J.: 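This is the structure, below, for whatever I ask next.
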There are 2 protein chains.
Amino acid sequence: MAKSRNMPTMLDVAREAGVALGTVSKVVNHQPVGEEFRQKVEKAIDRLGYQYNSSGKALRTDSTNTIALIIPNTVHPFFALLANYITMALDKRHYRTLLCFTDYDVNREMEMIQLVRNNRVDGIIGLTYNPALEIPDDIPFVTIDRFFSESIPCIASDNFEGGRLAARKLYELGCRKMAFMRVGSTLVNEPAKRRDGFVSACVELGASFEVFAISDGTPDTAFDDFIDQHIIGGHFAFDGLFCGTDTVAYRSIRHLKALGIRVPEDVQVIGFDGIRMFGNQDLICSTIVQPVQEIAETCVSTVLSKHMSTLPSLICLPVHYAKGGTTRDCLEEIIEEEEKK
Amino acid sequence: MAKSRNMPTMLDVAREAGVALGTVSKVVNHQPVGEEFRQKVEKAIDRLGYQYNSSGKALRTDSTNTIALIIPNTVHPFFALLANYITMALDKRHYRTLLCFTDYDVNREMEMIQLVRNNRVDGIIGLTYNPALEIPDDIPFVTIDRFFSESIPCIASDNFEGGRLAARKLYELGCRKMAFMRVGSTLVNEPAKRRDGFVSACVELGASFEVFAISDGTPDTAFDDFIDQHIIGGHFAFDGLFCGTDTVAYRSIRHLKALGIRVPEDVQVIGFDGIRMFGNQDLICSTIVQPVQEIAETCVSTVLSKHMSTLPSLICLPVHYAKGGTTRDCLEEIIEEEEKK
DNA sequence: GCACCGGTGTGAATCGTTTCACGAAACAAG
DNA sequence: CTTGTTTCGTGAAACGATTCACACCGGTGC
């Protein structure tokens, strides 16, 4: 393909420099070589314009310095950020990212694993949805947000604690009638624990709560309908709403506002993820922030670790709450500031 | 690395099937082979669990079925969308994406080109910022938003027409005192034409206009300052604001609102890009929408085209206006709806 | 002077695929 | 039956790097 102009190889360099092939290899790979020889080789490399060819090394060593990242897409900001930090973390270690999209398609998840396997990637980081996905056991595999087995490391946020955090924060801000809404009722994965944490904290606090979940593929209007059904005499039946993701929170807030219900005055809303405008500006709502960068860093260090079997199989990373304008803590700030004047 | 368990090769398959190596290759590559032989080979592949190894092919053919995508990051939604659609377009053609980030760093742009060159990618799609970047001429290279030379295809939106469109739309909606704000005053690239188009249309229409540009690296507060300086007696000096990107529009709108200036009642704002919440939901502002998917598709078909030299060197794709709540056309809609009731 | 050793340059063998000249077989035309 | 033609299986020769047994050499210890 790009073989139009015959490129010089290590052997050409060796001849040009008057040294052996192995010596050139050592120079290129920064292995100990006498200063005199190093000079000769480097000069020859410059003269010939030699370009290292990774294909030869890949064949010989069966390692490509490449990690496959399998995610649904990079349309959703959470995936985009994940891809961003994972790629940066890999780059720091001189690894490359092979980007593969599944588009949430169970079959494509399988195909992609097959594909990158043929490409002899050195490892796979996968955020997948098929609970029965067959994970190859002869190649390092790390999953995000889904636990498969003891032998496959799973990296996730502390979803349970995130749920508890949301409930406690809403309670602290005065909410007593809570609701939880999320997508993906049928999936048993780590993010599902957001609900469990929320419920457990509500019970502890003695706050009433209701859980509403829709399955994947259900029209988004289901959330609107749920909200509509809980409008009683122009008022919303809940004063605290915890949403499984910021996306759900955003849509709910929009619908609530369209109904004339004020956020955060009438109902306070907390989302989950920590999505920001344009990836790095304002939060979209008050939310439980996932430590995306740490998740990425952990995925990378885990997948590259040579001793994978000795690693814990589920790593939960700490989340935190951040106020983003849909809870009363923002109002108070403004009030305090005004009082000072 | 993953060579722990010795994997069967085509030769092993050939022996198992009792055929020649070349025959196995033909079966694997879907070349014409007698039905009887095909069966034998396929059975042997199943029995041995043979896995195709791309490294061998890469070395032999010097082609990897991989295209490198060099962009600053995937934090900004525009880049994230670009990466998304390019990867999907490549996937459709059975090519893989090697994802490389420059973080806007001129040195990293060079390093990445060197890196993917060593990896023998079949082509490069690059969105870069160094005007003096050396583009290799022995590997298909397509750039986005920056024209280098006749021999290097550049794919971009019709930025000039986008600028005109914005001016005309603002004028049509009643604006007569316009302003244009953007980042990147020193760069001479395709997006800079947004200003040129805007200015040309303002002149044609006889609307007054002012241009404000800050260079990369200037604190974002520069826009706030510009706005502050044009507040006269509590009123904003302009009634129409066109921003070089949706990001600038977003920040400006936020600052204007903080000053008590209403959008779109007091000043109408149009951005550029067509960024949506969570990548695919509401627009952030009224905006000139870039056809990201077509840009991606064009990049891919161009970089994979074997006859690159016969292609036009600058391809401009059509943009369109979309209302997003920061122009009066949205208000009218609401008014009309209310009148109907 | 001899044995030993650490350091370092050498080059043949190897990784798994593609490719292509060759030959065998099958068939049509004369 | 011969000759020409087409189809298709065969297997040796690359592709460019890594690796490692080996050789060479200067230094050290006895």
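From a predicted model like this one, the values you see are computed outputs, not experimental measurements. In what follows, chains carry the letters A, B, and so on, assigned in the order in which the sequence lines appear, proteins first and then strands, with residues in each chain numbered from 1. The figures here come from the full heavy-atom set of this structure, side chains too, leaving out hydrogens, waters and symmetry mates.
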J.: Hey, does the side-chain of R60(B) have a donor or acceptor N/O within less than 3.5 Å of a partner on the base of dT17(C)?
T.: no

J.: Please report how far the helix from dG1(C)-dC30(D) to dG30(C)-dC1(D) bends, comparing the axis fitted to its first five pairs with the axis fitted to its last five, to the nearest 10 degrees.
T.: 40°

J.: In whole Å, what is the span from the CG atom of N118(B) to the P atom of dA17(D)?
T.: 10 Å

J.: To the nearest angstrom, how far is M10(A) atom CE from dT10(C) atom P?
T.: 14 Å

J.: Which residues in residues 34-57 of chain B have a heavy atom closer than 4.0 Å to any atom of DNA chain D?
T.: G34(B), F37(B)

J.: Is any side-chain nitrogen or oxygen of T23(B) closer than 4.0 Å to OP1 or OP2 of dT10(D)?
T.: yes

J.: Above 12 or not: heavy atoms from other molecules or residues under 6.0 Å from CD of Q31(B)?
T.: yes

J.: Contact class for V19(B) vs. all strands (heavy atom < 4.0 Å): base, sugar-phosphate, or nothing?
T.: sugar-phosphate

J.: Scan C154(B), P191(B), S157(B) and name whichever one has a side chain to side chain contact (heavy atoms under 4.5 Å, CB included) with D145(B).
T.: P191(B)

J.: Any idea which heavy atoms bring F147(B) and E190(B) closest together, and the distance?
T.: CB-OE2, 3.8 Å

J.: Hey, does the side chain of S25(B) come within less than 4.0 Å of dT17(C)'s phosphate (OP1/OP2), counting only N and O?
T.: no

J.: Can you sort out the partners of I315(B) under side-chain contact (heavy atoms from CB on, under 4.5 Å), two or more places apart, ordered by chain and number?
T.: I155(B), T298(B), T302(B), P312(B), L317(B)

J.: Between dG16(C) atom P and R15(B) atom CZ, what is the distance in whole Å?
T.: 12 Å

J.: Side-chain donor-acceptor pairs under 3.5 Å in residues 43-50 of chain A, sequence neighbours left out?
T.:
unit_1 : atom_1 : unit_2 : atom_2 : d
R47(A) : NE     : E16(A) : OE2    : 2.6
R47(A) : NH2    : E16(A) : OE2    : 3.3

J.: Could you state the atom-to-atom distance from CG of L11(B) to P of dA13(D) in whole Å?
T.: 15 Å

J.: Can you measure N29(B) atom CG to dG16(C) atom C1' for me and round it to whole angstrom units?
T.: 13 Å

J.: Write down the distance between CD (Q31(B)) and P (dC8(D)), rounded to a whole number of angstrom.
T.: 12 Å

J.: Starting at CG of L21(A) and ending at C1' of dA12(C), how long is that distance when rounded to a whole Å?
T.: 10 Å

J.: Counting the atoms with a prime plus P, OP1 and OP2 as sugar-phosphate, which does V33(B) contact under 4.0 Å by heavy atoms, base, sugar-phosphate, or nothing?
T.: sugar-phosphate

J.: Before you tell me yes or no, could you show the steps for E297(B) and K92(B) under salt bridge (Lys or Arg N to Asp or Glu O under 4.0 Å), namely the whole-Å CA-CA distance, both residues' side-chain angles and the distance that decides it to 0.1 Å?
T.: CA-CA 10 Å; E297(B) 192 66 40; K92(B) 210 165 50 182; 3.4 Å; yes

J.: Which is more 5' along DNA chain D, the nucleotide nearest V28(A) or the one nearest G22(B)? Just name the residue.
T.: G22(B)

J.: Which heavy atom in K40(B) sits nearest to a heavy atom in V19(B), and how many Å separate them?
T.: CE-CG1, 4.1 Å

J.: D12(B) has an atom CG; how far is it from atom P of dT17(C), in whole Å?
T.: 9 Å

J.: Which residue pairs pass the side chain to side chain donor-acceptor pair (under 3.5 Å) test when at least one of the two sits in residues 104-113 of chain B, sequence neighbours left out?
T.: D91(A)-R108(B)

J.: Show me the side-chain donor-acceptor pairs of residues 67-80 of chain A shorter than 3.5 Å, one per line, residues at least two apart or across chains.
T.:
unit_1 : atom_1 : unit_2  : atom_2 : d
N73(A) : OD1    : V75(A)  : N      : 2.9
N73(A) : OD1    : H76(A)  : N      : 3.3
T74(A) : OG1    : A80(B)  : O      : 2.8
T74(A) : OG1    : N84(B)  : N      : 3.4
H76(A) : ND1    : F78(A)  : N      : 3.0
H76(A) : NE2    : T247(A) : OG1    : 3.0

